[in-house]
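Take a look at the structure set out below.
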Amino acid sequence: MSRFILHSDLNNFYASVECLYNPSIRNKAVAVVGDADKRHGIVLAKNYIAKSYGIKTGDTVWEAKQKCNEKLVCVTANFERYYYVSKLVKQMYREYTNRVESFGIDEAWLDVSDCVKDFEGAFKLAEKIRKRVISEFGLTVSIGVSYNKIFAKLGSDLKKPNATTMITKQNYKNLVWNLPVADLLYVGRATNQKLNKAGIFTIGQLAQTPLNILKSMFGKNGETLHTFANGEDVSAVKIYNEKEQIKSIGNSTTCPRDLKTNDEVRAIISILAESVARRLRDKNLWCNTVCLSIKTNDLKTFETMHKIEYPTNLASVISGECYKLFNHNWQKTIRAVGVRVTGLGEKPVQYNLFNNEQTMQKKEKFEMVVDALRGRFGYNIIKRGSVCASKDLKELNPENVVHSIHPLSFFKL
Ligand SMILES: [Mg+2]
């Protein structure tokens with residue numbers, strides 16, 4: 001049976017939601033930032049007007065303002081709002097199919113094979129959904145229509161904002177093959193570099209590279225790359241399930257004393273990340289976004305987040321990514337720290353294929369052994385060296401800190 005798959009991507013989601021809540025900023029350059037009062041905060045998202053000034057995600061607020069003569073409207077991120085709107089939009093998608101698979105907060109695949117009979121029907125349905133998103137939510141969405149998830153995702157990237165792009169078995173060579181190979185889902189930086197070194201720059205070149213060469217370069221993953229580039233991916237769109245209703249998992253703690261050095265902050269982040277990762281593994285979930293919350297000694301709270309390249313349930317990855325966020329942003333004395341993960345889903349079959357899967361599996365096994373040891377003998381049976389270095393911090397037990405599944409409950413000790 002032919003498959004018809006849509007991939008929908010809400011355009012500039014965070015900034016668009018903020019404009020809904022405050023229409024007076026709609027025609028201005030808008031940036032969603034970790035904290036609007038802090039010039040050293042970073043831009044998490046921006047609208048097209050801000051983009052036209054060259055403002056990028058990751059710019060400091062200070063840099064971003066320089067780029068547009070201080071005309072930038074900075075809004076502090078309201079993740080609750082984004083989850084809420086995202087949930088409503090996905091509920092609407094589910095009127096058409098129960099196969100709605102979230103990919104982060106603003107993207108989803110929909111398998112509409114049961115409600116249309118050909119590509120024309122799939123395109124019409126995508127257009128209907130696109131118009132409903134505008135009229136019912138005041139948001140725009142880019143939709144890709146194709147016969148596999150990989151090309152549907154590429155399609156949604158081709159025209160932005162507010163457009164539908166169809167990639168069929170007839171037109172995919174024209175539409176897809178000239179695109180850089182890095183546009184292909186799950187081709188991360190390392191894979192891209194390796195391909196480029198071998199003279200493979202476009203998806204078309206990848207598709208036409210003999211399978212045995214790709215296999216010799218990437219092992220089993222070479223086969224997957226070949227499959228993706230040729231539109232032969234057969235992975236199913238997952239059925240919407242309740243697990244996705246758990247929006248995030250997080251832990252936070254107010255430290256026994258103010259933290260002054262980077263090493264102390266790193267140690268606390270790793271304790272929290274361990275307990276977040278254990279809870280992810282308990283629920284058989286993986287995350288694709290990490291968030292770091294910091295409360296400074298003047299009692300101001302900041303949260304900043306980052307989408308990671310490959311979904312994970314590993315403490316080492318979560319703490320590493322969180323620490324990167326910390327380094328970017330904070331130089332102050334810190335009273336409380338929170339680690340939270342979102343973008344939760346089931347085990348990603350292909351997601352970590354390119355990220356040295358064996359190493360990841362080894363790390364996962366190791367962390368599960370630690371889980372089991374602690375389950376049996378208590379948390380203190382095994383500890384990180386970085387934590388033991390400090391007398392008072394080593395008494396911290398993440399099993400006693402606040403567990404939240406909800407960003408607003410952070411720091412309410
Ligand atoms: Mg988007």
Side-chain angles (χ1 to χ4, degrees), residues 5-21 25-26 29-34 42-52 55-59 64 75 77-93 100-110 126-127 129-146 149-165 167 179 182-188 237 240 244 247-248 287-291 304-311 342-345 351:
I5 294 170
L6 315 186
H7 181 267
S8 74
D9 183 353
L10 288 153
N11 305 125
N12 299 333
F13 184 55
Y14 296 171
S16 303
V17 171
E18 292 303 337
C19 292
L20 278 183
Y21 278 81
I25 62 173
R26 192 172 274 277
V30 176
V32 175
V33 301
I42 57 166
V43 173
L44 302 173
K46 67 273 164 201
N47 67 356
Y48 281 103
I49 303 173
K51 232 177 243 180
S52 72
I55 292 168
K56 295 194 179 81
T57 300
D59 282 354
V75 187
N78 284 290
F79 293 108
E80 276 306 283
R81 286 182 179 173
Y82 315 145
Y83 291 126
Y84 175 67
V85 176
S86 165
K87 185 177 162 186
L88 293 180
V89 175
K90 283 170 191 170
Q91 258 169 15
M92 187 270 271
Y93 296 161
V100 173
E101 180 182 341
S102 293
F103 189 61
I105 193 166
D106 58 336
E107 300 179 25
W109 281 286
L110 290 73
E127 282 292 273
I129 290 174
R130 185 178 65 77
K131 286 171 190 160
R132 279 190 69 182
V133 174
I134 299 177
S135 66
E136 293 173 30
F137 303 101
L139 296 168
T140 63
V141 70
S142 290
I143 304 183
V145 182
S146 195
K149 284 167 79 177
I150 303 298
F151 282 1
K153 163 86 178 146
L154 269 177
S156 71
D157 287 336
L158 281 181
K159 276 186 229 149
K160 285 183 173 178
N162 198 17
T164 300
T165 306
I167 299 178
L179 299 174
D183 285 0
L184 205 57
L185 193 59
Y186 312 131
V187 172
V237 176
Y240 192 87
E244 292 192 32
K247 290 294 184 293
S248 68
C287 68
N288 71 11
T289 304
V290 298
C291 316
T304 176
M305 69 198 296
H306 166 62
K307 199 164 178 176
I308 52 182
E309 211 167 349
Y310 305 97
T342 71
L344 305 184
Y351 292 19

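Indexing begins at 1, ligand by ligand and atom by atom, following the structure's order.
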Q. Does Glu107 bring an N, O or S atom to within less than 2.8 Å of the Mg ion (ligand 1)?
A. no
Q) Backbone or side chain, does Phe13 get an N/O/S atom under 2.8 Å to the Mg ion (ligand 1)? A) no
Q) Do side-chain atoms of Thr164 reach the backbone of Val145 as a donor and acceptor pair under 3.5 angstrom? A) no
(Q) Tell me whether Tyr82 contacts the main-chain N or O of Asn78 through its side chain, where contact means a donor paired with an acceptor under 3.5 Å. (A) yes
**Q.** Pair Asp9 + Lys160, salt bridge at N-O below 4.0 Å
**A.** yes
Q.
Looking only at N, O or S atoms in Asp9, which is nearest to the Mg ion (ligand 1)?
A. OD1
Q.
Test of geometry: compute the angle OD2(Asp106)-the Mg ion (ligand 1)-O(Leu10) and round it to 10°.
A. 110°
Q: Answer yes or no on whether Lys51 is positioned over the face of Tyr48, meaning its NZ or CZ is under 6.0 Å from the six-membered ring centre and within 45° of the axis.
A: yes
